[in-house]
Protein chains: 2
Amino acid sequence: MVQSATIKDVAQRAGCGVATVSRVLNQTGPASAKMREKVMVAVKELDFHFSEVGRSLQSSTTRTIGCVVPSIENPVYADAVQGAQEVCLDAGYQMLLICTNYNAEMETHAIRTLISKQVDGIILTVGDVNNSEGLDLLRSRKVPYSLLYNTAPEGQISWAVDDHAAAAKVASVFHDNKHKHTGFLGLDFLSSDRARQRFEGFAEGCASHNMTPPALLEVDDDSDDLTPRLEAFLKQHPNITGIFASNDYRALATIRSARQLSIDVPRDLSIIGFDGIKVGQMIDPTLATIATEPRALGAGASKTILSMIDGSTPPELPSMDQTFSFRDGGSLTPLVAESEDDGKVAAFPSSNDQTHRQVKIQQERPQ
Amino acid sequence: MVQSATIKDVAQRAGCGVATVSRVLNQTGPASAKMREKVMVAVKELDFHFSEVGRSLQSSTTRTIGCVVPSIENPVYADAVQGAQEVCLDAGYQMLLICTNYNAEMETHAIRTLISKQVDGIILTVGDVNNSEGLDLLRSRKVPYSLLYNTAPEGQISWAVDDHAAAAKVASVFHDNKHKHTGFLGLDFLSSDRARQRFEGFAEGCASHNMTPPALLEVDDDSDDLTPRLEAFLKQHPNITGIFASNDYRALATIRSARQLSIDVPRDLSIIGFDGIKVGQMIDPTLATIATEPRALGAGASKTILSMIDGSTPPELPSMDQTFSFRDGGSLTPLVAESEDDGKVAAFPSSNDQTHRQVKIQQERPQ
DNA sequence: CCTCCCAATGGAAACGTTTCCACTAACTGG
DNA sequence: CCAGTTAGTGGAAACGTTTCCATTGGGAGG
């Protein structure tokens, strides 16, 4: 790392004071044409660029915003971060990224670090909105921040999918398709805000449509053993005809496990996912899901931060029902009258009925 | 953003000079037990934390490393970035992330920005290794950098999959499974280093196994029209029994298009992808692919940078064949003897398969 | 008791900016 | 021709650190 020319070098070469160089380059304050010229020449010759560090110290502003998310291995966060990053960049800000791996301690540490680095604002997804050491820190330091993918406590800004409403929508979709007995497949249900919201929304939606309360299948991180869990679950709740998976990956895994159990999706079991990852549309059957727009959320969070920094009017949060939309797909099918009476037959077809399946594929192709 | 306490405030409160505070807190130089105590108390009371900006200016080191990648919407990069970020964090460094959206201008701008911010090193994926303004900048400024996912020119360090060797491996796998006539499906083939390497490696692999040279199907970004393209391609090359797609998404899309054309994968057509994204194993058939370890590559790049910064011995680059491995999957099947003679039958089974014929007719009608 | 040494400490410079202020010189209007 | 602007300029302070250097005081050794 060879040390760059400083403003002093430029001043010396141009034969003027540093103040003049600063004025010329920042176009702040007056300067004669002659001086301007000399400065510009010196800058070119030395290939001078300002040191942002010096600037930051003086202006106590870093043109950097921090971003704390659990993991960008999850495409939802990856897309959100990308969206946020782009907006920052457009506004001349850079983004410092820290992934916490869903670890609360990391989360606090990350926020502390970002504060030390004096970022101008922070976009973050916390584990628990109501009990976050990091958030307290931000508030006491009055650092601008915007939540992302957290359900906002009253009066706070969060760019997030309305999990509750979206899950209720899933219930209503099941209802429209004549499904009455459903299950909810979620991970780490108790510790995650998001999963809980989705379950509650789904349960309430089911209730309001006079469906039976959804059965809960809680799986752990490693989905390798999903197949036996699913089998036991369906045996225990034989009349279930539809499953709402708390995210698309788990929906995909469920479809696969179902297939291993010779349960045809969607004929014997309908699946609806959550998130709308793009592979959902590249597979067969395509995945019915709640489509969300992570990029837009990330971008929104950035805009909020930027408006807090420059004091401009903040962007409007999308209304509840604009944060998601239901996307139909081949993994969901209306329940036909005959199966409606007896879910058990539907869930465990003894047949190796190829014809049915072929016909199904045929029907689907014209889209 | 309320301004934090500075070291001066601490000194004043502790009744000593700033130098003492610095020495106590950094444990550099001597200090009496009494002073240490007083300083620590003051720090607690004021909730003092060092300003990294001040530190950076003085030490001309920022404990920040930059990362420039095309887009983290691509999970390969997302995972690599995450891996890199974790290693940095462990070493007490933070990561500044900029996505270029595959835009060369952005790339240069990003690097310039990072240099201005005086990052201690940069991890980057460039569009063209041999002609990158940004790389020139880094070299002239002697900024430590490590390439990621670029095929390194001689003598340079790059953490990347050996595309050429991996593609050759695909050819050998096809050969082991008795496939002789293959196709390569790639995007933006001419402008991308990576795609070209994969094609060349594949072609050479085919040649060395006495297979016919692979036919090339070049698709554009929007894969919506893949189905007709694939159909035309297979009509033009009727004896193709295996397709190597230049990444897993395109492999998935190919499987889907094939299904729409009533071509069964893998019975009528085997598909091998590249990257090893995790959904590849969640679908049916599972995707045969070249599995790579983006996280490990990203982590390696970080370690390289860190070693350049502190002058320690750099980590060893993985040997060529450790950067990837072939992962078998349901989308690949050995070619059975009967079909071996006539690939056309395999690709367009017109035989006694009633279902397929019907479908075929249906398929053709709209056109 | 006088040196000498060393631990403990504080002052001040330096890092690269921006900006306030003071100063000069060249105008303008009377 | 003089007073009063005003454009153009440079010096220096400030931002928050670290670190060099000088200073102090006390203890050990003579």
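Only heavy atoms go into these numbers, but all of them, side chains included; no hydrogens, no water, no symmetry mates. Order of the sequence lines fixes the chain letters, A, B, ..., with proteins taken first and strands second; residue numbering starts at 1 for each chain.
- A side chain to side chain contact (heavy atoms under 4.5 Å, CB included) with B/Lys38 holds for exactly one of B/Arg36, B/Met35, B/Met40; it is B/Met35.
- Across C/dA7, D/dC15, D/dT17, the shortest atom-to-atom separation from the side chain of B/Phe50 is found for D/dT17.
- With distances taken from any side-chain atom of A/Ser32 to the nucleotides D/dG8, C/dT17, D/dC15, the minimum falls on D/dG8.
- Per the geometry, CG belonging to B/Leu25 stands 16 Å off P belonging to D/dG16, to the nearest Å.
- When the C1' atom of C/dA7 is taken as reference, atom CZ of B/Arg36 falls 12 Å away, rounded to whole Å.
- Counting only heavy atoms from C-beta on, B/Lys8 has its side chain closest to D/dC15 among D/dC15, C/dG11, D/dT9.
- Among the protein residues, A/Ala19 comes within range of the nucleic acid bases, having at least one heavy atom under 4.0 Å from a base atom.
- Salt bridge absent: A/Arg63 and A/Glu52 never bring a charged side-chain N and a carboxylate O closer than 4.0 Å.
- Residue side chain A/Arg23 reaches the base of D/dG10 through a donor-acceptor N/O pair under 3.5 Å, judged by distance alone.
- Counting non-hydrogen atoms under 4.0 angstrom, A/Gly17 reaches the backbone sugars and phosphates but no base.
- In this structure, CD of B/Gln27 is placed 13 Å from P of D/dT18, rounded to the nearest angstrom.
- Each of B/Val161, B/Leu317, B/Thr292 was checked for a side chain to side chain contact (heavy atoms under 4.5 Å, CB included) with B/Thr323, and the lone residue meeting it is B/Val161.
- Helix bend of the helix from C/dC1-D/dG30 to C/dG30-D/dC1: the angle between its two end axes, each built from five pairs, comes to 50° after rounding to 10°.
- Whole-Å rounding puts the A/Arg55 CZ to D/dT17 P distance at 22 Å.
- Here D/dG16 is the nucleotide among D/dA7, D/dG16, D/dT18 with the atom lying nearest to any side-chain atom of B/Leu57.
- In this structure, A/Gln58 atom CD and D/dA14 atom P are separated by 12 Å, rounded to whole Å.
- Residue B/Ser22 has a polar side-chain atom (N or O) positioned under 4.0 Å from OP1 or OP2 of D/dT18.
- Heavy atoms only, all atoms of each residue included: B/Pro294 and B/Asp79 are closest at CB-CB, 3.6 Å.
- Following rounding to the nearest Å, B/Gln12 (CD) and C/dG10 (P) show an atom-to-atom distance of 13 Å.
- In this entry the distance linking CD of A/Glu52 with C1' of C/dG16 reads 11 Å, nearest Å.
- Counting only residues at least two apart or on different chains, the salt bridge (Lys or Arg N to Asp or Glu O under 4.0 Å) pairs with a member in residues 88-113 of chain B are B/Arg112-B/Glu133.
- Closest of all the heavy-atom pairs between B/Phe48 and B/Thr6 is CE1-C, 3.4 Å.
- Out of C/dG10, C/dT17, D/dT17, the shortest distance to the side chain of B/Ser51 is found at D/dT17.
- Atom CD1 in B/Ile7 sits roughly 12 Å away from atom C1' in C/dG10 (whole-Å rounding).
- Side-chain atoms of B/Thr64 do not come within 3.5 Å of backbone N or O of B/Val119 as any donor-acceptor pair.
- Both B/Thr28 and B/Val53 lie near DNA chain D, and the one whose nearest nucleotide falls closer to the 5' end is B/Val53.
- Residue B/Thr6 has its side chain nearest to D/dG16 when only C/dT18, D/dG16, D/dT18 are considered.
- B/Cys99 is not listed as a side-chain neighbour of B/Tyr77, based on a closest heavy-atom distance of 4.5 Å or more.
- Where B/Val21 and A/Ala5 each meet DNA chain C at their nearest nucleotide, the meeting point lying more 5' is that of B/Val21.
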